[in-house]
Undergrad: 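What follows is a single structure, and I will ask about it in a moment.
Worth knowing before you read on, the calculation uses all heavy atoms, side chains too, and leaves out hydrogens, waters and symmetry mates.
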Amino acid sequence: MKLSVSEFKEDYIAAIKGTSARQIEDTTPLERYNALGELMKDYIGNLWANTNKTYREEHSKQVYYFSMEFLTGKFLENNLTNLSIYDVVEQGLKELGISLDVLAEVEVDQGLGNGGLGRLAACFMDAMSSTSIPGHGCGIRYKNGLFEQRIIDGYQVEFPDRWLVNNNVWEYKRPNKAVIVKFNGRVDTYMDGDTLKFAHVDYDAVRAVPYDTPILGFENNTVNTLRLWSAEEIDDIFDFENFSRGNYLSAFEKKHSVEIITQILYPNDAYEEGKLLRLKQEYFFVSAGIQSIFTTFKKMGVPIEQFSEHIAMHINDTHPALAVPELMRILLDEEGLDWDMAWKITTSCISYTNHTIMSEALEKWPHFMMRDLLPRITMIIDEINRRFIESLKYVYLYTDEEKIHNMAIIKDGMVKMAHLAIVGSHSVNGVAKLHTEILKTKELKDFYNIYPTKFNNKTNGIMHRHWLLNANPDLTDYVEGLIGDGFKKNPIVLRDLLKYRDDKVVQNALFDIKHKNKENLAKFIYEKQGVKIDPYSIFDMQAKRIHEYKRQHLNILHVLSLYNKLKANPNLDIPPRTFIFAGKSAPSYYVAKQIIKLITTVADMINNDTSIKNKLKVVFLPNYGVSLASKMIPAADVSEQISTASKEASGTGNMKFMMNGAITLATLDGANIEIMNEVGENNIVLFGLKDQEVFKYYQDGSYNAYELYNTTPAIKQVVDQLVNGFLPAAKEEFAPIVDRLLRFNDEFFVLKDFESYCDAQERIGLYYRDKPHWMKMSLTNIACSGVFSADYTIEKYASSIWNINRKPLDFKL
Ligand code: F58
């Protein structure tokens, strides 16, 4: 938008008065931040209204992205960038004696997600707006996002994430758009003429209130909507009778039992909780979302039979899979369509992304639980299941009872949500090539056989404007100076950097930018933790959720072996290294929490040992989230992507690090494989078992971790050190980790990959010492990262799954 510094200052002073009723010099940073947010909303408002009006009037096909999680982080800087007023606002504030950086720090991360899945949803929101795709988000406005992690005595301790305590300036509450969601009760059937009808009666009603956040496209006038639903009391829920009888507290109980639905985000990133409240959350936002889509659709005045020509619904994993029976319910019971028509519309509308093959993350619900909570929905699922089984028998001519039983949506009293999602949608996609292949050939093989055309791959992407433009402004400016600013809208253009691969001046400049980012991070770490790290050392980072399959323990075992070498020979000639870890463990995942304790224990020991001459440091940064990632990633030299092959569906951190010039140290897993294909094998450091080898070991059971431990001194030494009193912790402290490695035969092949990993680390050291070689690798990674922009991923979803066209808007502010 066009805005001069003086216009901005005038607007901002008025906004300060309007929002805080105080003189600018008396305001606190929070008041200043809120005033800026309100002003931005004012700027955005016209574009938003115009976007919605255009979609409505032109009957544009729109997609709704249903996700249990949206990990959006902060909005302020991103919105300033996308409106192209960052510099004007920064200058205007400066002239008023205010630092934009200080205001940006006031904003609290919107952390309504666990990890990759939630962050992907947020990146997709940005990408849809920025590529002019009419697409909106639908989710839950949790009052508490993912817990705040603190490290106390080396252990993870969880604190509530009270992100709403100072209000959220970016959202608009829309009570007039509230809808009712029905739970429990029973279903009465009756005849209406000669049709059988269903009435859900004696239900508990919950009021779903939407909060809308504008999602701005990059310099393109598009503002889509992220709609998050909150469960709130409805008038008659408050029990006046009870209240007037003096039962003051119990009168609020019902209100509380409603509000609890959107109180908290379940903090598990790799297994399903299976709790009634979680099921309530799932139905709550799906039902509210679909009801509001119908309201919007009705305003278009298009016949219901054409619903799927105007609406697409995407479900981000199976958590919103109740969209299938909910859409059926509305089409059957409220719109009066027959089953076949309703089914045709439903399956044409809905598409599904799978994010994992880990069986503990696959959702299943007890049928009786679902029937009590959602009686009509369960009836519809029963009927979908019945018809699906019939089709297996008569259309696909399946006679194998066991296979039919295994493919059923309802099996052994459990409702399998992945099966419901596959049967009820027209597209099923994985999130990286290998992941999709595994789905097709192993996990979902039976479904692939009957629905081969439903399956497709959409490799994940990241929001390059955040991870490059916002997080690494110096690199952005330098790249712009070299190749122009085309990469901001079209990041594949970053490949133009390749021509500077051998240019010493460019290599040195990139080294200096990285070095400055490393100095900034070192300063941050010193301020937060009092640990001094050397910006000339290799910054080696593993930042992601803590999980055995992601193998942070492989990393720390190698650190321990390096430490042993240095102790044996303090003059060992290796480049100094700093290993930086960050990530949260699920609160109930005991071994993952012990891995954190192991990292912090090793860190304490190493950081306080002066005999190794500062050649090695280890840091665990608490409370990993979007903001911390934005500080860490631009300073990374090495990106650790070391999951057991086949376990990481894609990974997206790998793409963010690469875009900032880090070299990936990787197994051939998830999108690491695609990264390798982009940069070439010389510009990535690979190690470890391949997926087929992993599968073979699982199948033939020939891996014996205990034998490997006994026959490999290097492995035995570090494993023993966990429990022989070598570490400054109780001897039994890390016994559960050793048990997982030895007694339970090392499910994730940590010991099997150990030596290959150590070799790979040694190669990293050698490459780093050869600065031109290292900088060439680094530049190649930046140059080849553009293809991983979520803009391109979204364009593929839009054209090949949603069948939606771009809708460029030419409205001017
Ligand atoms: C992640 N899944 C994958 N799930 O692990 C990662 O490889 C992939 O890059 C990413 O999705 C995006 O596709 C993930 O984050 C969860 O957090 C679920 C939350 C709800 C319970 C089950 C896990």
Undergrad: Could you measure the distance from the CG atom of L71 to the CG atom of D109? Nearest 0.5 Å is fine.
TA: 8.0 Å
Undergrad: Just jot down the salt bridge (Lys or Arg N to Asp or Glu O under 4.0 Å) partners of R551, sequence neighbours excluded, or say none.
TA: D753
Undergrad: Measure from the side-chain N and O atoms of S130 to the backbone N and O of A127, and report whether any donor-acceptor pair falls under 3.5 Å.
TA: no
Undergrad: Under the salt bridge (Lys or Arg N to Asp or Glu O under 4.0 Å) test, which residues partner K74, sequence neighbours left out?
TA: none
Undergrad: After noting the C-alpha distance and the side-chain angles of Q717 and S561, does the key distance pass the side-chain contact (heavy atoms from CB on, under 4.5 Å) rule?
TA: CA-CA 8 Å; Q717 182 188 19; S561 77; 5.9 Å; no
Undergrad: Could you list the residues that satisfy ring pair (Phe, Tyr, Trp, His ring centres under 6.0 Å) with Y697, not counting sequence neighbours?
TA: Y703, F749
Undergrad: Could you check whether any side-chain N or O of K514 sits under 3.5 Å from a backbone N or O of P634, counting only pairs where one atom can act as donor and the other as acceptor?
TA: yes
Undergrad: With sequence neighbours left out, what residues match R806 under salt bridge (Lys or Arg N to Asp or Glu O under 4.0 Å)?
TA: E795
Undergrad: Who are the side-chain contact (heavy atoms from CB on, under 4.5 Å) partners of D503, not counting sequence neighbours?
TA: Y500, V505, V506
Undergrad: Tell me if a side-chain donor or acceptor on S785 pairs with a main-chain N or O of I782 at a distance below 3.5 Å.
TA: yes
Undergrad: Tell me whether the count of non-hydrogen atoms from other residues, nucleotides or ligands lying under 6.0 Å of CD in E762 goes above 12.
TA: no
Undergrad: Are the side chains of C123 and H466 in touch, meaning some heavy atoms are under 4.5 Å apart?
TA: no
Undergrad: Which pairs of donor and acceptor atoms, one on a side chain in residues 525-539, lie under 3.5 Å apart (sequence neighbours left out)?
TA:
residue	atom	partner	partner atom	Å
Q529	NE2	F620	O	3.0
D534	OD1	Y536	N	2.7
S537	OG	D534	O	2.6
S537	OG	T578	OG1	2.7

Undergrad: With a 4.0 Å cut-off on N to O distance, would you call D791 and R465 a salt bridge?
TA: yes
Undergrad: Can a donor-acceptor pair be found, under 3.5 Å and without considering hydrogens, that links the side chain of N660 to the backbone of W467?
TA: yes
Undergrad: Taking atom OG1 of T222 and atom CG of N82, what is their separation to the nearest 0.5 Å?
TA: 10.5 Å
Undergrad: May I ask you to say whether E437 pairs ionically with K440, meaning some side-chain N is under 4.0 Å from a carboxylate O?
TA: yes
Undergrad: In terms of the angle between their ring planes, are Y549 and H547 parallel, tilted or perpendicular, with boundaries placed at 30° and 60°?
TA: tilted
Undergrad: To the nearest 0.5 angstrom, please state how far the CD atom of E648 sits from the OG1 atom of T356.
TA: 8.5 Å
Undergrad: What distance separates T664 OG1 from I684 CD1, expressed to the nearest 0.5 Å?
TA: 4.5 Å
Undergrad: What pairs of donor and acceptor atoms, side-chain ones from residues 639-646 against any protein atom, are under 3.5 angstrom apart with sequence neighbours left out?
TA:
residue	atom	partner	partner atom	Å
S639	OG	Q641	NE2	2.9
E640	OE1	Y757	OH	2.7
E640	OE2	Y757	OH	3.0
E640	OE2	Q761	NE2	3.1
Q641	OE1	K544	NZ	2.6
S643	OG	D669	OD2	2.6
T644	OG1	F748	O	2.9

Undergrad: Side-chain atoms of residues 477-489: list all donor-acceptor pairs with protein atoms under 3.5 Å, sequence neighbours left out, distances to 0.1 Å.
TA:
residue	atom	partner	partner atom	Å
E480	OE1	K488	NZ	2.8
K489	NZ	E219	O	3.3

Undergrad: Any sub-3.5 Å donor-acceptor pair from D609's side-chain atoms to M605's backbone N or O?
TA: no
Undergrad: Measure the CD-CD1 distance between Q552 and I546 for me, rounded to the nearest 0.5 Å.
TA: 4.0 Å
Undergrad: What pair of heavy atoms forms the shortest contact from I606 to L616, and how long is it?
TA: CG2-O, 3.5 Å
Undergrad: Considering all heavy atoms of both residues, which atom of Y624 and which atom of Q149 are nearest to each other, and what is their separation?
TA: N-OE1, 4.2 Å
Undergrad: Quick check: does any side chain N or O of K656 sit under 3.5 Å from a backbone N or O of A629, one acting as donor and the other as acceptor?
TA: no
Undergrad: Kindly give the heavy-atom pair with the smallest separation between A543 and M632, and that separation in Å.
TA: CB-CE, 3.9 Å
Undergrad: Let me see the working for E77 and N470 under side chain to side chain donor-acceptor pair (under 3.5 Å), right down to the final yes or no.
TA: CA-CA 7 Å; E77 289 184 298; N470 290 343; over 6 Å; no
Undergrad: Less than 4.5 Å apart, any side-chain heavy atom of L741 and any of H553?
TA: yes
Undergrad: Taking side-chain contact (heavy atoms from CB on, under 4.5 Å) as the definition, give me every residue that meets it alongside S756, ordered by chain and number, with sequence neighbours left out.
TA: F687
Undergrad: Answer yes or no: are there more than 12 heavy-atom neighbours, outside K516 itself, under 6.0 Å from its atom NZ?
TA: no
Undergrad: Given 3.5 Å as the limit, does a donor-acceptor pair link the side chain of R545 with the main chain of N114, or not?
TA: yes
Undergrad: Would you give the length of the straight line joining atom CD of Q507 to atom CE of M777, rounded to the nearest 0.5 angstrom?
TA: 12.5 Å
Undergrad: Applying side-chain contact (heavy atoms from CB on, under 4.5 Å) between Y86 and each of N78, L76, L100, report the one that passes.
TA: L100
Undergrad: If you count the non-hydrogen atoms of other residues, nucleotides and ligands that lie under 6.0 Å from NZ in K771, is the total more than 12?
TA: yes
Undergrad: Using side-chain contact (heavy atoms from CB on, under 4.5 Å) as the criterion, list what pairs up with K499, not counting sequence neighbours.
TA: D496
Undergrad: According to ring pair (Phe, Tyr, Trp, His ring centres under 6.0 Å), who are the partners of F124, at least two apart in sequence or on a separate chain?
TA: Y65, Y797
Undergrad: Can you check whether A121's main-chain N or O pairs, donor with acceptor, with E69's side chain at less than 3.5 Å?
TA: no
Undergrad: Can you list the steps and then say if F75 with Q110 is a side-chain contact (heavy atoms from CB on, under 4.5 Å)?
TA: CA-CA 9 Å; F75 284 98; Q110 190 163 317; 3.5 Å; yes
Undergrad: Give the C-alpha distance, both sets of side-chain angles, the deciding distance and a yes or no for side-chain contact (heavy atoms from CB on, under 4.5 Å) between V618 and I556.
TA: CA-CA 9 Å; V618 182; I556 200 70; 4.2 Å; yes
Undergrad: Could you walk me through whether H355 and N316 pass the side chain to side chain donor-acceptor pair (under 3.5 Å) test, one step at a time?
TA: CA-CA 8 Å; H355 293 267; N316 196 23; 2.6 Å; yes
Undergrad: When you measure from the side chain of E674 to the backbone of K433, do you find a donor-acceptor pair of N or O atoms at a distance under 3.5 Å?
TA: yes
Undergrad: Please report the C-alpha distance between K518 and D637 in whole Å, then the side-chain angles of each, then the deciding distance to 0.1 Å, and finally whether the salt bridge (charged side-chain N to carboxylate O under 4.0 Å, His left out) criterion is met.
TA: CA-CA 9 Å; K518 287 166 75 174; D637 294 310; 2.6 Å; yes
Undergrad: Report the residues that fulfil side-chain contact (heavy atoms from CB on, under 4.5 Å) with K690, sequence neighbours left out, ordered by chain and then residue number.
TA: L668, E693
Undergrad: Give the minimum heavy-atom separation between L216 and S129, together with the two atoms involved.
TA: C-CB, 3.7 Å
Undergrad: Is the backbone N or O of T667 less than 3.5 Å from a side-chain atom of N672, with the two atoms forming a donor-acceptor pair by type?
TA: yes
Undergrad: Salt bridge (charged side-chain N to carboxylate O under 4.0 Å, His left out), that's the test. Do E678 and R495 meet it? Break it down for me.
TA: CA-CA 10 Å; E678 289 300 319; R495 285 191 84 87; 3.5 Å; yes
